[in-house]
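On a predicted model such as this, the values are computed, not experimentally measured, just so you know. All values below were derived from every heavy atom in this structure, side-chain atoms included, with hydrogens, water molecules and symmetry-related copies excluded.
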Amino acid sequence: MRHLLDTTDLTLGEIDDMIALACDIISDGKKYSHICDGKKLATLFFEPSTRTRLSFEAAMYELGGNVLGFSEGGSSSASKGESVEDTVRMVSCYADIIAMRHPLEGAPRVASFKSGVPIINAGDGGHAHPTQTLTDLLTIYREKGRFDNLTVGLCGDLKFGRTVHSLIKAMSRYENVSFVLIAPKELQVPEYIITDVLEPSGASYIQVEDMEQEMPNLDILYMTRIQRERFFSEEEYLKHKDAFILDLGKLRTAKEDLTIMHPLPRVNEISTEVDDDPRAKYFVQALNGKYIRMALIITLLKWGGAL
Ligand code: CP
């Protein structure tokens with residue numbers, strides 16, 4: 001049995017296989033419509049979500065399976081003091097696979113020690129969001145046809161944005177990927193992303209505060225929202241909330257084949273006028289999330305011997 005707690009739990013070969021499976025699902029979904037008949041996915045969401053939870057649920061239904069779970073910790077016995085370990089121990093009696101989102105970093109890993117079924121980290125605090133990264137990789141693959149030789153700009157709240165941390169971990173494993181980290185100094189990536197991920201990988205990176213200067217160099221621009229819920233004070237959030245707003249004017253110098261991504265939800269960091277630009281791929285990206293989660297559910301259930 002394997003869990004997915006961080007993107008680096010998967011080898012590059014396993015990621016390739018999962019992307020190939022997702023592409024096959026996209027081209028012939030009917031082939032997979034009964035593969036999970038009789039299986040159950042539990043979605044344990046202790047934090048709000050639209051895309052991740054609903055795309056997991058849609059994924060399981062499209063595979064022929066069923067779904068149970070909760071969308072806020074307050075409606076579970078966690079509100080009576082039950083530990084994550086005990087919750088998961090119980091739920092693994094009722095479901096074949098579990099997707100968990102939790103505000104505490106490391107909670108899905110703790111859960112995995114007591115679970116009898118595969119645990120998928122659907123986002124833990126500011127730490128990691130590996131299924132978003134698989135979604136991002138599928139999007140990059142479908143748009144660019146490769147993961148190497150790319151200049152990737154990441155812009156916004158790089159400190160608290162777990163999707164950014166997971167994507168850097170994933171993309172720094174490929175050849176000749178350059179990162180342009182665009183954020184106010186206070187919202188730059190945590191130090192461990194530099195010392196434990198970027199520097200050991202040999203990937204080139206620069207840290208800048210200006211989006212427009214680097215725009216002509218980018219193959220991918222990954223926008224993120226300022227994560228209000230993770231700031232220690234409202235005052236700090238207000239200081240940064242409008243730090244970057246992408247509009248058509250700022251895209252004037254961008255490459256014609258730039259891919260604009262965003263894990264969503266968006267607040268105001270991408271002006272809605274950009275949505276109709278052919279380079280805007282964030283809604284396609286959200287759809288890709290369902291396909292890659294279908295591929296992930298199949299893969300983890302197969303690895304665990306349940307399929
Ligand atoms: N991208 C993402 O994780 O969105 P949700 O918070 O809506 O799940």
(request) Using the test ring pair (Phe, Tyr, Trp, His ring centres under 6.0 Å), find all partners of Phe46 that sit at least two apart in sequence or belong to another chain. (result) Phe70, His102
(request) State whether a side-chain donor-acceptor pair under 3.5 Å links Asn149 with Asn176. (result) yes
(request) Give the ring-plane orientation class for Phe147 versus Tyr141, where under 30° counts as parallel, over 60° as perpendicular and anything between as tilted. (result) tilted
(request) Using the rule that two of Ile, Leu, Val, Met, Phe, Trp, Tyr join whenever any of their side-chain heavy atoms come within less than 4.5 Å, decide whether Met261 and Val177 are in one cluster. (result) yes
(message) Is there a path of hydrophobic side-chain contacts, each under 4.5 Å between heavy atoms, that joins Leu167 and Val208?
(response) no
(request) Can you establish whether the number of heavy atoms outside Glu175 located under 6.0 Å from its atom CD is more than 12? (result) no
(request) Look at Glu47 together with Arg162 and state whether they make a salt bridge at an N to O cut-off of under 4.0 Å. (result) yes
(message) Please determine whether the number of non-hydrogen atoms from other residues, nucleotides or ligands lying under 6.0 Å from atom CZ of Arg89 exceeds 12.
(response) no
(message) If hydrophobic clusters are built by linking Ile, Leu, Val, Met, Phe, Trp and Tyr wherever their side-chain heavy atoms come under 4.5 Å apart, do Leu198 and Phe160 end up in the same one?
(response) no
(message) Suppose we screen for side-chain contact (heavy atoms from CB on, under 4.5 Å). Which residues come up paired with Leu54, at least two apart in sequence or across chains?
(response) Thr50, Glu57
(request) Run the numbers on Ile25 and Ile298 for side-chain contact (heavy atoms from CB on, under 4.5 Å), then give the verdict. (result) CA-CA 11 Å; Ile25 290 168; Ile298 293 170; 4.1 Å; yes
(request) Measure from NZ or CZ of Arg293 to the centre of the six-membered ring of Phe56 and say whether it is under 6.0 Å with the direction within 45° of the ring axis. (result) yes
(request) Look at Lys185 together with Glu209 and state whether they make a salt bridge at an N to O cut-off of under 4.0 Å. (result) yes
(request) Could you tell me whether Asp24 and Lys31 have a side-chain N and a carboxylate O separated by less than 4.0 Å? (result) yes
(message) side-chain contact (heavy atoms from CB on, under 4.5 Å) for Asn121 and Asp6? Distances and angles first, verdict last.
(response) CA-CA 7 Å; Asn121 179 2; Asp6 208 341; over 6 Å; no
(request) Establish, from distance only, whether the side-chain atoms of His129 and Arg101 form a donor-acceptor pair under 3.5 Å. (result) yes
(request) Return yes if some donor-acceptor pair links the side-chain N/O of Asp247 with the main-chain N/O of Lys250 below 3.5 Å, else return no. (result) yes
(request) Consider only side-chain heavy atoms of I, L, V, M, F, W and Y, link residues closer than 4.5 Å, and tell whether Trp303 and Leu5 are in one cluster. (result) no
(request) Keeping the roles fixed (side chain from Glu269, backbone from Val267), state whether a donor-acceptor pair exists under 3.5 Å. (result) yes
(request) For atom NZ of Lys114, decide whether the heavy atoms of other residues, nucleotides or ligands shown that lie under 6.0 angstrom number more than 12. (result) no
(request) Consider only side-chain N and O atoms of Glu199 and Tyr205, and report whether a donor and an acceptor are under 3.5 Å apart. (result) yes
(request) Please work out which of the three classes, parallel, tilted or perpendicular, describes the rings of His262 and Tyr282, given edges at 30° and 60°. (result) perpendicular
(message) Give me the atom names and distance for the closest heavy-atom approach of Ser115 to Ile98.
(response) OG-CD1, 4.2 Å
(message) Membership question, hydrophobic clusters at under 4.5 Å side-chain separation (ILVMFWY): are Leu246 and Leu248 in the same one?
(response) yes
